[in-house]
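Structure first, commentary second.
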Number of protein chains: 2
Amino acid sequence: MSDQPQRRDANEISKSILQTTESLFSQYGVGNVSMHQIAKAANVGQGTMYRRYANKGDLCLELMSENFHALQEHMLQSLAELKAEPVKVRMQALFKLHLKFLEKHTQLFETIHSYITCTNTTKPFYEKAPYIFLHQTIRSLLEEAIESKESRPINADFTAHTLIASMNPKIYNFLRQKNGYSAKEVIENVNKTLLEPLFIEKK
Amino acid sequence: MSDQPQRRDANEISKSILQTTESLFSQYGVGNVSMHQIAKAANVGQGTMYRRYANKGDLCLELMSENFHALQEHMLQSLAELKAEPVKVRMQALFKLHLKFLEKHTQLFETIHSYITCTNTTKPFYEKAPYIFLHQTIRSLLEEAIESKESRPINADFTAHTLIASMNPKIYNFLRQKNGYSAKEVIENVNKTLLEPLFIEKK
DNA sequence: TTGACAATCGGACAATTGTCCGCTAATATT
DNA sequence: AATATTAGCGGACAATTGTCCGATTGTCAA
């Protein structure tokens, strides 16, 4: 057995990369770990890294894919449970889950956003699965609200995009840290100023 | 006289850098010009570049500083003219100016946002003058609306931040290009879905 | 088991950003 | 006008991202 590691099958390597990444990230922080560093630590060439993950954002996205799926199921389940409730209630529940997720995965999420948003080598974040899911879900809720007159006839597609934009990871962290809002205050303000006004008061 | 350029005073050099930048940007596009390239073309060392402009975003910000000032004056003037109008009208006027500005300076603005938002070497965009001005202005308008009961008692500071976030350059360009909204449609939708709902109907 | 072929690895390389320090040029002092 | 002093210039350098192609390894056929 040489000190040169044997070639494993693709799956093994992917797993190795992700494990190494997770370990290095938690040890040194997401921002202080380079792709080469990960490659070296995982005994993988740089070409291999980049063939699998076009950039750090993609790598983070992959690292979080389980979390994203869990979030999506959580959202769908929550919406199903609240099926009988007004759309407003469901929308607020949806955003609460989204914000809790942001809160929990702050660092990784902000990194994902940075690298994917600011790199031209990858599909923009708007075309990634997590964004598309969230947008579609919000849009559906809005369309239902418009249909049932719980909301004025607005452009559901457009509104869904702007709602998500108003709570992107950067602004969320800014509000939380530099501006001193607590996680709870953010949720409350989102409910009050972004969501409530979209719906018509039922007397 | 040697082929080594003589040292000019600081002002001259700044002007030279900015002129060169403008020329190269318009010739090759903002994204295809590197800081070193600019430094070389302007006959300036890299150290000099970076001492003056911490990164490309800062450079762009400087390039656009005149435009920003013009925009701010335009906004203040417009708000003064509409002083007698309801806050809603003034807010809509403000956003119209903001969106027109975004439309006009798309490329530079997106670059500014990218570099400033994704670089840790600089103050975040939220601490830059143009952002602060816009936020303060929106916040004041909201506070006035709350005072005069044109709006429910919401958190003006928070709302101003999220309003700006919902119309950041990235999302604007995405809506305009990938999503096929016209500049006019964006303005209309912003009025209808972001601004209108904040205000209370006066009968 | 062996040889050929294809998949894919991985290090060298180019490009870009940002830093550092020796040296030059502008100013002040006499 | 000559020299000392200091601001600040600018090229060499380090770090990081992303690319490319020669080399290696696994697989399949005979």
Side-chain angles (χ1 to χ4, degrees), chain A residues 1-18 20-21 24-25 28-62 111-123, chain B residues 1-18 20-21 24-25 28-62 111-123:
Chain A
M1 183 185 271
S2 64
D3 58 349
Q4 197 74 349
Q6 298 310 47
R7 175 163 153 188
R8 295 133 295 185
D9 79 11
N11 240 331
E12 288 282 326
I13 288 198
S14 284
K15 213 185 285 179
S16 162
I17 291 177
L18 289 179
T20 305
T21 303
L24 288 177
F25 275 5
Y28 300 107
V30 178
N32 299 317
V33 178
S34 75
M35 295 289 268
H36 283 203
Q37 198 176 335
I38 296 170
K40 200 172 179 185
N43 279 319
V44 180
Q46 284 133 27
T48 309
M49 281 293 284
Y50 282 98
R51 203 170 328 100
R52 282 157 203 273
Y53 312 104
N55 54 50
K56 215 168 170 180
D58 260 16
L59 180 57
C60 294
L61 204 60
E62 194 57 34
T111 305
I112 292 175
H113 221 259
S114 283
Y115 279 81
I116 293 188
T117 307
C118 303
T119 305
N120 296 321
T121 54
T122 309
K123 285 192 298 186
Chain B
M1 184 186 272
S2 67
D3 60 348
Q4 196 75 349
Q6 299 310 20
R7 174 164 155 191
R8 295 134 294 185
D9 80 9
N11 241 329
E12 287 283 324
I13 289 197
S14 284
K15 215 185 284 179
S16 161
I17 291 176
L18 289 179
T20 306
T21 303
L24 288 177
F25 277 4
Y28 301 106
V30 178
N32 299 318
V33 178
S34 76
M35 295 288 269
H36 282 203
Q37 198 176 333
I38 295 170
K40 201 172 178 183
N43 278 317
V44 179
Q46 284 131 27
T48 308
M49 280 294 284
Y50 281 98
R51 203 172 326 102
R52 282 157 202 273
Y53 311 103
N55 54 50
K56 216 168 171 179
D58 260 15
L59 181 56
C60 294
L61 205 59
E62 194 57 34
T111 306
I112 292 175
H113 221 259
S114 283
Y115 279 82
I116 293 189
T117 308
C118 301
T119 304
N120 297 321
T121 54
T122 308
K123 285 192 301 185

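Any value given below was found using the heavy atoms of this structure, including those in side chains, with hydrogens, waters and symmetry copies removed.
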Between [N] ([atom2]) and [X] ([atom1]): distance, integer Å:
X: Ile17(B); N: dC9(D); atom1: CD1; atom2: C1'; result: 11 Å
X: Asn43(A); N: dG10(C); atom1: CG; atom2: P; result: 8 Å
X: Asp58(B); N: dT17(C); atom1: CG; atom2: P; result: 14 Å
X: Arg51(B); N: dG10(D); atom1: CZ; atom2: P; result: 9 Å
X: Ile13(B); N: dA7(D); atom1: CD1; atom2: P; result: 17 Å
X: Met49(A); N: dG11(C); atom1: CE; atom2: P; result: 13 Å

Heavy atoms, side chains only, cut-off 4.5 Å: are Met35(A) and Lys56(A) in contact?
yes

Can you tell if the side chain of Arg52(B) reaches within under 4.5 Å of the side chain of Ile13(B), non-hydrogen atoms only?
yes

Minimal heavy-atom distance between Ala42(B) and Ser16(B), with the atoms involved, is O-OG, 3.7 Å

Check: Counting just side-chain N and O atoms, does Tyr50(B) come under 4.0 Å of either OP1 or OP2 of dT19(C)?
Finding: no

Is any side-chain N or O of Arg52(B) closer than 4.0 Å to OP1 or OP2 of dC9(D)? yes

Distances for protein N or O near nucleotides 12-16 of chain C N or O, under 3.5 Å:
| residue | atom | partner | partner atom | Å |
| --- | --- | --- | --- | --- |
| dA12(C) | N6 | Gln46(A) | OE1 | 2.7 |

With sequence neighbours left out, the residues meeting side chain to side chain donor-acceptor pair (under 3.5 Å) with Ser114(A) are Lys170(A)

d(Asn55(A) CG, Leu61(A) CG) to nearest 0.5 Å is 9.5 Å

Sorted by chain and number, sequence neighbours left out, side-chain contact (heavy atoms from CB on, under 4.5 Å) with Thr21(A) holds for Ile17(A), Phe25(A), Ile38(A), Leu59(A), Leu63(A)

